[in-house]
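Down below is the structure, laid out as structure tokens.
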Protein chains: 2
Amino acid sequence: MDAMQKRSATIQDVARQARVGVGTVSRVLNGHPNVTQATREQVLQVIADLGYRPKSAAVTLRTRQTREIGLITDEIATTPFAFDLIRGAQDEAWAHQSILVLINTSGNPDLLNAALDQMYDRQVQGVLYAAMFHQPVNLPDRFRELPAVLVDCYSEDRSLPSVVPNEIQGGQDAVATLLQHGHQRIGFINYTTGQPAVVGRLEGYRRALAAAGVAYDPTLVVQADIASDAVYRTTIRLMQQPNRPTALFCFNDRTAMWAYDALRDLGLRVPEEVAVIGFDNQELLAANLRPPLTTMQLPHYEMGRWAVHHLIAGNPQPSLTAPQVQLDCPLVWRASV
Amino acid sequence: MDAMQKRSATIQDVARQARVGVGTVSRVLNGHPNVTQATREQVLQVIADLGYRPKSAAVTLRTRQTREIGLITDEIATTPFAFDLIRGAQDEAWAHQSILVLINTSGNPDLLNAALDQMYDRQVQGVLYAAMFHQPVNLPDRFRELPAVLVDCYSEDRSLPSVVPNEIQGGQDAVATLLQHGHQRIGFINYTTGQPAVVGRLEGYRRALAAAGVAYDPTLVVQADIASDAVYRTTIRLMQQPNRPTALFCFNDRTAMWAYDALRDLGLRVPEEVAVIGFDNQELLAANLRPPLTTMQLPHYEMGRWAVHHLIAGNPQPSLTAPQVQLDCPLVWRASV
DNA sequence: TTGTATATTGGAATCGATTCCAAACAAGTT
DNA sequence: AACTTGTTTGGAATCGATTCCAATATACAA
């Protein structure tokens, strides 16, 4: 009507124009019973006419509930999967009419505290804490005062629910795939730290061999710094052994990238002479290598979804039996096996 | 005191315990003048004791202002720079005590509309709209009804403020660098579309040559699909021409990755026999190639910062003279030149 | 001392929703 | 007709902050 509709409509405006009380409008809005079809439609009509939408601040004030979820990330920036995790979380949140609120703490404890303050002030439904790679973390106790789920990390004492990749299954499936393709001597270029991915994937490697009745040969398992000449040199050495492997399981795609280089320099063709399988499925790398790299995918999207789902649907009491979930890493077929 | 402090403290609690009026507490909270040092300290003390923090819902309801900024992304997921942009935006927002609220629309117009609804309901200070690569976009008119800034994209009619990479400068500096290293015949492996990056970088290429007094040779400029055999074959062809270039400027790092392969297969060493420079600075690729790739960095972090800064500090009126900012792409030195 | 100007303070009104209670209404029984 | 019972409805109270106005305290000048 009037071109100058400065302030947006309130529930009062709707009530007045529909000639009903505010209570009735609220009932329509929230789908309560005990409203006759006639008045419901009438109110709905006015709502549409006015383009009325409830302001979330008022709703929150009254109900003490927000439709938002905090996502606190620790330096996740540097890893390219970050966004899959965020996407998974946001898709699931969206499905519950909720929205993500983001804070990156850059590994700074003060920022982490400030982030938690923010989350309290906003009365979020809960928070996710995501690490940049699968690892144990030590978080302030305040995390136990609101619903929280850890993603790609876990608290040492297991008191908080967490969701992480199933490293063992990933390693096992990777190696099983190689075994199925007739490889018996399978090299494993692992990373040097003791992080869960390192020990888990090794365990998977061993289990796959055991399941296939192939003896574990320690000379086929080496460790090297990722994405450095160390991988290159280690690969060369590994491939020049008398019992040279016919396949390589690489700790991750970056490792595989350097292994590729070594193999090329040795004149060994992938996959004809050596099969290679990676881990992480970093599209950018894996899909662009020649030949494209077969690899295990980290379930970042699914972890994000699971975490939000658990936050909203799960019971948020900080019990001692907080679920510690592991999600499988599926195989992504390309051309290196 | 009491172990059962169920409901968190309100401003009323603070006022009561400090034996002052709520108005006084509010004045202390918001740093207003006209409060004696004594009462201020007294109030501050009680606030600290109670661990009181204002609930943002109540503040927003009263002041009609939030401390949050919406970030709407279009399918940005697939690109690894996404997070730099987010980080830049969040760092700047944080500096203004604001927080980012995230929605990814996956390129779905309905979702985009729903996202805007959310932003309205939450009364955000403004929104950023980020595309996954530098491009013109066509956005619904609703974007003009609240403060908005476009990042890595721009509206055709230039009615909304935007910030994008300076493609021309990037191309020019890349080529100038090669020229400075004594290269005269510089091949340019461009992409096939008409997007701003393609035309901008070509323009930069020409300007650099012109500035150095080197004639433009169209046989040195080719186009190919990114990250495919097309780049490989094109590079082979380019390098087998009689006037073979001594340096290559690649449209992006993925292109450079495939060019590397072609050069290797031709037995040409980088950088000794052919210098290579890329674009984008995708750490994951550029830093891990052998030799590590010298490349131009896209200013995602800075674009994120600029956008938030403009939103908060800039004048948000939707004037016809919306600023269209271009940020420089700095050179990142590695070892391929 | 008294009056005026200025600095501090308390507290009611307000923002815009939900929720609860009592009033109004409808339907069914005796 | 009078009385239950159950369904719809209006509107006051509430959530927790800010803001404004009037009241009080203080400082300064005459």
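Lettering of chains follows the sequences in order, A, B, ..., and the numbering in each one begins at 1. If you're wondering where the values come from, they're calculated on a predicted model, not measured in any experiment. Both backbone and side-chain heavy atoms feed into the values below; hydrogens, waters and symmetry mates do not.
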Do [X] and [Y] meet the criterion of a side-chain donor-acceptor pair at a distance under 3.5 Å?
| X | Y | result |
| --- | --- | --- |
| A:D74 | A:T105 | no |
| B:D157 | B:S159 | yes |
| A:E41 | A:Q37 | yes |
| B:Q125 | B:S98 | yes |
| B:T66 | B:Q123 | no |

Not counting sequence neighbours, which residues clear salt bridge (Lys or Arg N to Asp or Glu O under 4.0 Å) with [X]? List them please.
| X | result |
| --- | --- |
| B:D110 | none |
| A:R142 | A:D117 |
| A:R122 | B:E68 |
| B:R19 | none |

Validation: residues 52-59 of chain B side-chain donor-acceptor distances under 3.5 Å, sequence neighbours left out:
unit_1, atom_1, unit_2, atom_2, d
B:R53, NH1, A:D121, OD1, 2.9
B:R53, NH1, A:D121, OD2, 2.3
B:K55, NZ, B:S8, OG, 2.7
B:S56, OG, A:D121, O, 3.1

message: Apply side-chain contact (heavy atoms from CB on, under 4.5 Å) to residues A:I86 and A:L100 and explain how you reach the verdict.
response: CA-CA 9 Å; A:I86 297 179; A:L100 285 190; 4.2 Å; yes

Kindly give the atom pairs (protein nitrogen or oxygen, nucleotide nitrogen or oxygen) under 3.5 Å for nucleotides 26-28 of chain C.
none

- prompt: Residues from residues 57-64 of chain B sitting under 4.0 Å of DNA chain D, heavy atoms only?
  reply: B:A58, B:V59, B:L61, B:R62, B:T63

message: Does anything in residues 26-36 of chain A come within less than 4.0 Å of DNA chain D? Heavy atoms only, and list the residues if so.
response: A:R27, A:N34, A:V35, A:T36

message: When you compare the side chain of B:V308 with that of B:I69, does any pair of heavy atoms fall below 4.5 Å?
response: yes

A:S162 versus A:W306, closest heavy-atom pair with distance: O-CZ3, 4.1 Å

task: Taking all non-hydrogen atoms of both residues into account, name the closest pair between B:I103 and B:Q118 and its distance.
output: CD1-CB, 4.2 Å

query: Got a minute to check which stems DNA chain C is part of, using Watson-Crick or G-U wobble pairs under 3.5 Å, three or more consecutive?
result: C:1-30 with D:1-30

task: Classify the nucleic acid contact of B:R40 as base, sugar-phosphate or nothing, counting any heavy atom under 4.0 Å across all strands shown.
output: nothing

query: Checking all strands, does B:R53 fall into the base, sugar-phosphate, or nothing category for heavy-atom contacts under 4.0 angstrom?
result: sugar-phosphate

Contact list for DNA chain C against residues 115-127 of chain A - heavy-atom distance below 4.0 Å: none

message: side-chain hydrogen bond (donor to acceptor under 3.5 Å, both in side chains) for B:S106 and B:N104? Distances and angles first, verdict last.
response: CA-CA 6 Å; B:S106 306; B:N104 181 279; 3.1 Å; yes

Show me the side-chain donor-acceptor pairs of residues 126-136 of chain B shorter than 3.5 Å, one per line, residues at least two apart or across chains.
unit_1, atom_1, unit_2, atom_2, d
B:H134, ND1, B:E167, OE2, 2.8
B:Q135, NE2, B:F133, O, 2.8

statement: 5'-most to 3'-most nt of DNA chain D touching chain A (<4.0 Å, heavy-atom partner on protein side) reads D:dT8 to D:dG16

- prompt: Considering residues, nucleotides and ligands other than A:Q65, do more than 12 of their heavy atoms fall under 6.0 Å from its CD?
  reply: no

